[in-house]
Amino acid sequence: MTDVLTIKNLHVEGRPPGGDYVPIVKGVSLNVRKGEVLALIGESGSGKSTISLAAMGFARPGCRISRGEVWLNGRDIMALPPHDRHALRGDEVSYVAQSAAASFNPALRIGRQVIEAPLWHGAGDAATLTAAAVELYRKLDLPSPETVGEKFPHQVSGGQLQRLMAAMAMSCGPDLLILDEPTTALDVTTQIEVLKAFRDIIRDQGTAAIYVTHDLAVVAQVADRILVLKNGETVEEGPTNQILHAPRHDYTRTLMAAVRPAPHLVDHIDPAAAQAPVISVRNVTAGYGALTILSDVSVDVPAASVVGVIGESGCGKSTLARVVAGLTPLREGTVILDGKPAAPAVRDRPRAALKDCQIVFQMADTALNPRQRIGDILGRPLDFYQGLKGRERAERVAELLELVDLPRGFASRFPGELSGGQKQRVNLARALAADPKVILCDEVTSALDTVVAAGVIELLKSLKDKLGVAYMFISHDLSTVASFADEVVVLYAGRVVEKGPSKAVFSPPFHPYTKLLLSSVPEMRQGWLDGVADTSEARAASAASVVIGGTGCPFANRCALAISGTCDTTAPAVRDLPGDLQIACHLPVAELPVS
């Protein structure tokens with residue numbers, strides 16, 4: 001095979017404000033052949049994304065490629081003038097960034113942004129490119145592929161936006177595709193479809209690819225070779241099977257040991273000892289404009305407990321959090337905070353209600369003001385809710401930083417000077433500044449590597465024990481939810497299909513949708529993707545898309561066990577099963593999935 005990319009002795013340096021250049025990448029060499037996928041793995045800060053960007057001849061502001069050669073299709077692109085190097089991007093090489101929310105212009109419709117690169121490179125007219133984009137949307141399993149391009153970025157879910165960014169990168173048919181954590185923001189079922197789409201496009205078009213990820217189970221499905229990085233240096237390189245199952249370096253073995261396990265059963269709180277709900281959502285219906293997202297949803301979050309909310313991208317998890325926070329007004333139903341009905345809109349809520357319920361958003365990159373120092377970001381809620389000023393406020397900022405295991409000196413830094421895990425801890429500290437009774441955690445670990453994410457989860461557990469704060473924990477990471485949550489709510493198409501104590505939800509019998517989620521959790525073995533994609537559940541699920549606001553059971557069109565004439569016409573009643581479990585399904589209990 002022919003090398004599409006060859007990097008020789010790459011050195012990249014970065015300079016903090018007012019400081020001297022320090023090495024980030026230290027003499028890394030690699031090559032990627034036509035039709036091959038090279039995975040870069042390592043903890044946050046190991047240089048994975050920096051090397052990927054250097055493959056395009058690009059370095060972030062404050063960084064520079066100080067030495068080395070980058071050969072793309074037989075040319076040393078570092079020897080090209082900047083204008084010629086820029087012309088390669090989006091054409092011969094495309095990049096799928098980790099943070100899709102920060103990569104789309106919120107003021108422009110999605111379709112216009114997807115076809116921007118091929119239009120600029122003269123690959124066709126707008127109508128032709130739009131038709132080609134619709135086909136990409138379909139391959140990436142996006143709902144309503146014919147109309148999704150007409151929406152603005154804020155009108156689609158985070159997982160859908162990530163897939164749209166993949167479509168934008170693929171629109172020019174590049175020779176080299178750089179995938180920087182492209183499935184991090186996706187739920188497990190969507191991840192299968194996207195991984196299959198990436199693999200098929202790479203195989204069919206003979207595209208070379210660099211795949212940056214911290215999810216080794218995903219690496220096992222897509223990568224031909226793996227390069228292990230630590231502190232900007234290569235510690236090990238080899239075929240995927242050898243790295244996963246016979247690693248030679250101690251650091252590689254450490255990464256393997258940190259792989260997320262399959263969801264397992266944990267003890268949960270005794271229902272008899274449960275405290276009164278700090279949040280009580282009753283029969284809530286809500287949406288955006290004429291579109292209804294949540295339908296008749298009821299959820300309780302007891303004080304000092306963790307309630308996990310799981311489901312696919314677009315099922316309404318984040319909308320539920322926004323309704324509770326008052327950011328998305330409900331149409332029907334009631335939200336009760338600490339025993340008192342809460343006004344639907346946040347602007348109509350008293351300060352005490354705002355103080356009691358805080359939200360931590362998924363993407364710390366977009367949730368923190370990049371122009372404010374950390375001390376100012378944390379100081380504002382201290383001023384607003386606690387009335388703290390001057391030295392008293394500064395001391396409390398320092399205490400909050402220590403509470404989330406960050407040094408006091410971080411108060412003088414800007415968000416851009418922090419790693420992803422550190423920014424998420426600041427995001428959490430800002431919520432804690434209000435001294436809340438409940439925190440809504442919206443996918444707070446989805447953008448973090450396994451080691452850092454595990455640290456954030458341990459921090460959340462510690463804060464719950466120390467402060468007695470409750471969490472509504474929204475996630476598509478079933479392993480984390482299973483090990484962390486006391487109770488679990490399974491959402492599908494805006495409706496609750498199963499809920500109960502964590503141990504009961506993750507034990508048979510399952511709602512067919514819960515069974516699909518559990519069977520879609522990637523396993524760290526090669527060939528798993530092919531096997532799971534060939535099951536009857538996966539085939540039925542991939543044959544149709546999520547339908548919001550349909551008649552009957554919302555999962556009927558994707559369920560391998562659907563009863564024709566019943567599931568597609570009549571909404572199932574919620575049934576109480578042993579162990580405080582509730583399931584909304586027409587199937588007799590004896591016919592519910594058990595494995």
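Not measured: the values here are computed from a predicted model. The figures that follow rest on heavy atoms only: side chains count, while hydrogens, waters and symmetry mates do not.
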Could you tell me the separation between the CG atom of L577 and the CD atom of Q582, rounded to the nearest 0.5 Å? 9.5 Å
For the residue pair F414 and R371, establish whether any side-chain heavy-atom pair is separated by less than 4.5 Å. no
Test log, rule side chain to side chain contact (heavy atoms under 4.5 Å, CB included), inputs D568 and N557: CA-CA 7 Å; D568 53 351; N557 67 324; over 6 Å; no
Just distance, no hydrogens or angles: give the donor-acceptor pairs under 3.5 Å from side chains in residues 349-360, sequence neighbours left out.
{"residue": "R349", "atom": "NE", "partner": "A343", "partner atom": "O", "Å": "2.7"}
{"residue": "R349", "atom": "NH1", "partner": "V324", "partner atom": "O", "Å": "2.7"}
{"residue": "R349", "atom": "NH1", "partner": "A325", "partner atom": "O", "Å": "3.4"}
{"residue": "R349", "atom": "NH2", "partner": "V324", "partner atom": "O", "Å": "3.2"}
{"residue": "R349", "atom": "NH2", "partner": "A343", "partner atom": "O", "Å": "3.2"}
{"residue": "R351", "atom": "NH1", "partner": "F384", "partner atom": "O", "Å": "2.9"}
{"residue": "K355", "atom": "NZ", "partner": "A434", "partner atom": "O", "Å": "3.4"}
{"residue": "K355", "atom": "NZ", "partner": "D435", "partner atom": "O", "Å": "3.4"}
{"residue": "Q358", "atom": "NE2", "partner": "L354", "partner atom": "O", "Å": "2.7"}
{"residue": "Q358", "atom": "NE2", "partner": "Y385", "partner atom": "OH", "Å": "3.3"}

Look at the rings of H511 and F555 and say which category their plane angle falls in: under 30° parallel, 30 to 60° tilted, over 60° perpendicular. tilted
Give a yes or no on whether R112 atom CZ has more than 12 heavy-atom contacts from other residues, nucleotides or ligands under 6.0 Å away. no
Salt bridge or not between K317 and D442? Use side-chain N to carboxylate O under 4.0 Å. no
Atom CZ of R408: over 12 foreign heavy atoms under 6.0 Å: yes
Flag the pair E537 and R558 as a salt bridge only when some basic side-chain nitrogen lies within less than 4.0 angstrom of an acidic carboxylate oxygen. no
I336 vs I279 side-chain heavy atoms within contact, under 4.5 Å: no
Roughly how far, to the nearest 0.5 Å, is OG of S475 from CD of E443? 5.0 Å
CA sep, side-chain torsions, deciding dist, call: V284, D296, side chain to side chain contact (heavy atoms under 4.5 Å, CB included): CA-CA 5 Å; V284 160; D296 196 27; over 6 Å; no
With rounding to the nearest 0.5 angstrom, report the CZ to CZ distance, R425 to F410. 10.0 Å
4.5 Å side-chain heavy-atom contact, L491 and V309: yes
pair T334-N283: side-chain heavy atoms closer than 4.5 Å: no
Might you confirm whether atom CD of Q155 has over 12 heavy atoms from other residues, nucleotides or ligands at distances under 6.0 Å? yes
Stepwise side chain to side chain contact (heavy atoms under 4.5 Å, CB included) test for L517 and V490: CA-CA 10 Å; L517 290 177; V490 184; 4.2 Å; yes
Quick one: salt bridge (charged side-chain N to carboxylate O under 4.0 Å, His left out) pairs with a partner in residues 325-343, sequence neighbours left out? D338-K437
For the pair F473 and F484, name the ring-plane relationship: parallel under 30°, tilted 30 to 60°, perpendicular over 60°. perpendicular
V438/V469 under side chain to side chain contact (heavy atoms under 4.5 Å, CB included): CA gap, chis, key distance, verdict: CA-CA 6 Å; V438 62; V469 65; 5.6 Å; no
